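Note sheet for the following structure.
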Amino acid sequence: MTAFKSDFLQIMDERGFIHQCSDLEGLDALAARRDVIAYVGYDCTAPSLHIGNFLSMMMLYWLQHSGNKPIALMGGGTTMVGDPSGKDETRAMRTVEEIEANKASIRGVFEKVLKFGDGAADALMVDNAEWLLKLGYIEMLRDVGRHFSVNRMLTMDSVRLRLEREQEMSFIEFNYMVCQSYDYVELARRYGCNLQMGGSDQWGNIINGVELGRRMGTHQLYALTTPLLTTSSGAKMGKTADGAVWLNAEQFSAWNFWQYWRNTEDADTGKFLKLFTTLPMDEIRKLEALDGAEINEAKKVLANEATALLHGRAAASEAAETARKTFEEGTVASTLPTIEVGREELAGGMGILSLIVTAGLAGSNGEVRRHIKGGAVRLNDKPVTDDRLVVSSGDVSDGFVKLSLGKKKHALIRPV
């Protein structure tokens, strides 16, 4: 671990955030004076950000915590182009109305992690539509495009990998890196921004922005990226059998979010405590030292702290209590995820397959059939062996029907 002068890079280093940096010594000196103004860009392709974005949000959190200024850049403009990084196919084009709705939905998450205001270290939220949508095409080509080498652009991973796989790349996608680089220049000019942060897959795009700033006469710009997040088993973090782990409760409930962290692999617990909680390092080191069955206590702390950051302490405590009742006491907690169905519909009988899918425990009837065959599905804690089973009003107990898939996925069906 390197000895840094600045609190910011010291925190980044000891918690495992640093993958690549364009100039560690220069950035360290800037951060030691609390003169860093850093941004991360977030495209508005969905109503919620996901766990991969949570990592960069934590970078902004620690930047602010160490006395420097964070900028959350909303991609109202770049979302219209579409980032090709890591994609084999062109992203679906979003309408202006969809982008605006997504942007409004995303905003609330940042207010839980960052402090916004007019102070020197208070966060800013900016939308790149402010400048990108006003650019004239010829003006963009002349003033910005001339600084980009097509030869070099073709070597960038976001382009090269698509071409190697013989997957089509649209001309508009090819321009994404130009737009992102220009964002950096505009933020430097407008707000004095001097650092762009992001995941390791964005390194090429960020360095392009640093280089464009030099060519267009800005002050010195810096780049800092985090490692690609994978679990100890090699899986890409943030993906579950049911899809992405979203940060908005509407897309992924606080209960599911808590459960996601509680189910962390043993070997990842310490790493995730460093990256996704604000616990002091001394406390994290004590939790890392736990082994055997005790590691589960560290996982509960991880789940509590990560959930509290995004959903509030009350939601985290409720999720923890629900888990305790469900898994440790074996009772039905009324705060489990609850799906309402019509009384008449339930009275007429509902197939177990469609009910499990409706409850969000599986994605398709075929998946439920496989789980039933494997003995993983339970109705009111009793194993289901027949995929033609019909659930009706007679299965309601204490006002609910409890459905379970495996040991850790549960939902309540409540007739209304």
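Sequence positions, counted from 1, serve as the residue numbers for this chain. Just so it is clear, the values below take in all heavy atoms, side chains as well, and ignore hydrogens, waters and symmetry mates. What you see is a predicted model, and the numbers here were worked out from it, not measured in a lab.
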Next item on the list: Go through the steps to decide whether Thr231 and Asp268 satisfy the test side chain to side chain donor-acceptor pair (under 3.5 Å), and finish with yes or no.
Entry: CA-CA 7 Å; Thr231 64; Asp268 292 326; 4.5 Å; no
Margin query: Nearest 0.5 Å, please: how far is CD1 in Ile106 from CG in Asn248?
Written below: 7.5 Å
Notebook entry, point to check: Do you know which two heavy atoms are closest between Leu60 and Pro70, and how far apart they sit?
Noted result: CD2-CB, 3.8 Å
Checklist line | Side-chain donor or acceptor of Asn263 paired with backbone N/O of Gln259 under 3.5 Å | finding: yes
Checklist line | Main-chain N/O of Lys5 paired with Asp28 side-chain donor or acceptor, under 3.5 Å | finding: yes
Margin query: Minimum heavy-atom separation for Gly270 and Ile284, please, with both atom names.
Written below: O-CG2, 4.3 Å
Item checked: Polar side-chain atom of Thr79 near backbone of Cys44 as donor-acceptor pair, under 3.5 Å -> yes
Checklist line | Separation between CG of Leu9 and OG of Ser66, rounded to the nearest 0.5 Å | finding: 8.5 Å
Notebook entry, point to check: Do the non-hydrogen side-chain atoms of Arg388 and Ile352 ever get within less than 4.5 Å of each other?
Noted result: no
Margin query: For a side-chain contact (heavy atoms from CB on, under 4.5 Å) check, start with the C-alpha distance between Val36 and Asn194, then their side-chain angles and the critical distance, and finish with the verdict.
Written below: CA-CA 6 Å; Val36 174; Asn194 46 30; 3.8 Å; yes
Item checked: With sequence neighbours excluded, residues passing side chain to side chain contact (heavy atoms under 4.5 Å, CB included) with Ala303 -> Trp258, Trp261, Arg262
Next item on the list: Could you list the residues that satisfy ring-ring contact (aromatic ring centres under 6.0 Å, His included) with Tyr184, not counting sequence neighbours?
Entry: Tyr39
Checklist line | Which atom of Val368 lies closest to which atom of Ala362, heavy atoms considered | finding: CG2-CB, 3.7 Å
Next item on the list: May I ask you to say whether Arg370 pairs ionically with Glu367, meaning some side-chain N is under 4.0 Å from a carboxylate O?
Entry: no
Checklist line | Glu14 and Lys274 ion-paired at < 4.0 Å | finding: no
Item checked: Minimal non-hydrogen separation, Arg34 against Gly67, with atom names -> CB-O, 3.5 Å
Item checked: Residue pair Thr45 / Asn102, side-chain donor-acceptor N/O under 3.5 Å -> no
Note to self: When you measure from the side chain of Asp127 to the backbone of Gly76, do you find a donor-acceptor pair of N or O atoms at a distance under 3.5 Å?
What the structure shows: yes
Notebook entry, point to check: How about Phe17 and Ile11: do any of their side-chain heavy atoms sit closer than 4.5 Å?
Noted result: no
Check: Passes side-chain contact (heavy atoms from CB on, under 4.5 Å), Ile18 versus Thr226? Steps please.
Finding: CA-CA 5 Å; Ile18 298 176; Thr226 61; over 6 Å; no
Note to self: On a heavy-atom basis, which atom in Val384 and which in Ile372 lie closest, and how many Å separate them?
What the structure shows: O-CG2, 3.5 Å
Notebook entry, point to check: Just checking, is any N or O donor in the side chain of Asp7 or Trp62 under 3.5 Å from an acceptor N or O on the other one?
Noted result: no
Next item on the list: May I have all residue pairs that pass ring-ring contact (aromatic ring centres under 6.0 Å, His included) and include part of residues 93-115, sequence neighbours excluded?
Entry: Tyr42-Phe110
Check: Is the backbone N or O of Phe4 less than 3.5 Å from a side-chain atom of Gln10, with the two atoms forming a donor-acceptor pair by type?
Finding: yes
Note to self: With a 3.5 Å distance limit and no angle check, can you tell me whether Thr277 reaches the backbone of Leu273 through a side-chain donor-acceptor pair?
What the structure shows: yes
Check: Got a donor-acceptor contact below 3.5 angstrom from the Lys112 side chain to the Leu310 backbone?
Finding: yes
Next item on the list: Look at the side chain of Thr269 and the backbone N and O of Asp266, then say whether any donor-acceptor pair between them is shorter than 3.5 Å.
Entry: yes
Note to self: Does any part of the side chain of Met125, heavy atoms only, come nearer than 4.5 Å to the side chain of Leu73, both counted from C-beta?
What the structure shows: no
Item checked: Min side-chain heavy-atom separation His50-Gln251 under 4.5 Å -> no
Note to self: side chain to side chain donor-acceptor pair (under 3.5 Å) for Asn205 and Gln202? Distances and angles first, verdict last.
What the structure shows: CA-CA 5 Å; Asn205 287 343; Gln202 291 295 316; 3.2 Å; yes
Checklist line | Evaluation steps, side-chain contact (heavy atoms from CB on, under 4.5 Å), between Trp131 and Leu187 | finding: CA-CA 10 Å; Trp131 51 85; Leu187 288 170; 3.7 Å; yes
Margin query: If I compare all heavy atoms of Cys193 with all of Ile71, which pair ends up nearest, and what's the gap?
Written below: CB-CD1, 4.3 Å
Note to self: Closer than 3.5 angstrom, by distance alone: can the side chain of Ser22 be matched with the main-chain N or O of Ala223 as a donor-acceptor pair?
What the structure shows: yes
Next item on the list: May I ask you to test the Glu186-Arg189 pair for a side-chain heavy-atom distance under 4.5 Å?
Entry: yes
Check: Any side-chain heavy atom of Asp183 sitting closer than 4.5 Å to one from Leu132?
Finding: yes
Notebook entry, point to check: Hey, does Arg15 have a side-chain heavy atom less than 4.5 Å from the side chain of Met281?
Noted result: yes
Check: Any Lys/Arg nitrogen of Lys103 or Glu98 sitting under 4.0 Å from an Asp/Glu carboxylate oxygen of the other?
Finding: no
Notebook entry, point to check: Would you call Arg324 and Glu321 a salt bridge, taking side-chain N to carboxylate O under 4.0 Å as the test?
Noted result: yes
Checklist line | Salt bridge Arg369-Asp387, side-chain N to carboxylate O under 4.0 Å | finding: yes
Next item on the list: For the pair Arg313 and Glu305, evaluate salt bridge (Lys or Arg N to Asp or Glu O under 4.0 Å) and give the outcome as yes or no after the intermediate values.
Entry: CA-CA 8 Å; Arg313 184 64 62 182; Glu305 295 302 313; 3.1 Å; yes
Item checked: Residues Phe257, Leu247; criterion side-chain contact (heavy atoms from CB on, under 4.5 Å); working and verdict -> CA-CA 8 Å; Phe257 196 74; Leu247 304 187; 4.1 Å; yes
Next item on the list: Without swapping roles, check the side chain of Lys69 against the backbone of Asp122 for a donor-acceptor pair under 3.5 Å.
Entry: yes
Next item on the list: Indicate yes or no: at least one non-hydrogen side-chain atom of Leu309 is less than 4.5 angstrom from one of Phe54.
Entry: yes
Check: Between Tyr61 and His65, how do the two ring planes meet: parallel, tilted or perpendicular, split at 30° and 60°?
Finding: parallel
Checklist line | Salt bridge present between Glu297 and Lys300 (N-O < 4.0 angstrom) | finding: yes
Notebook entry, point to check: Rounded to the nearest 0.5 Å, what separation is found between the NZ atom of Lys271 and the OG atom of Ser232?
Noted result: 7.0 Å
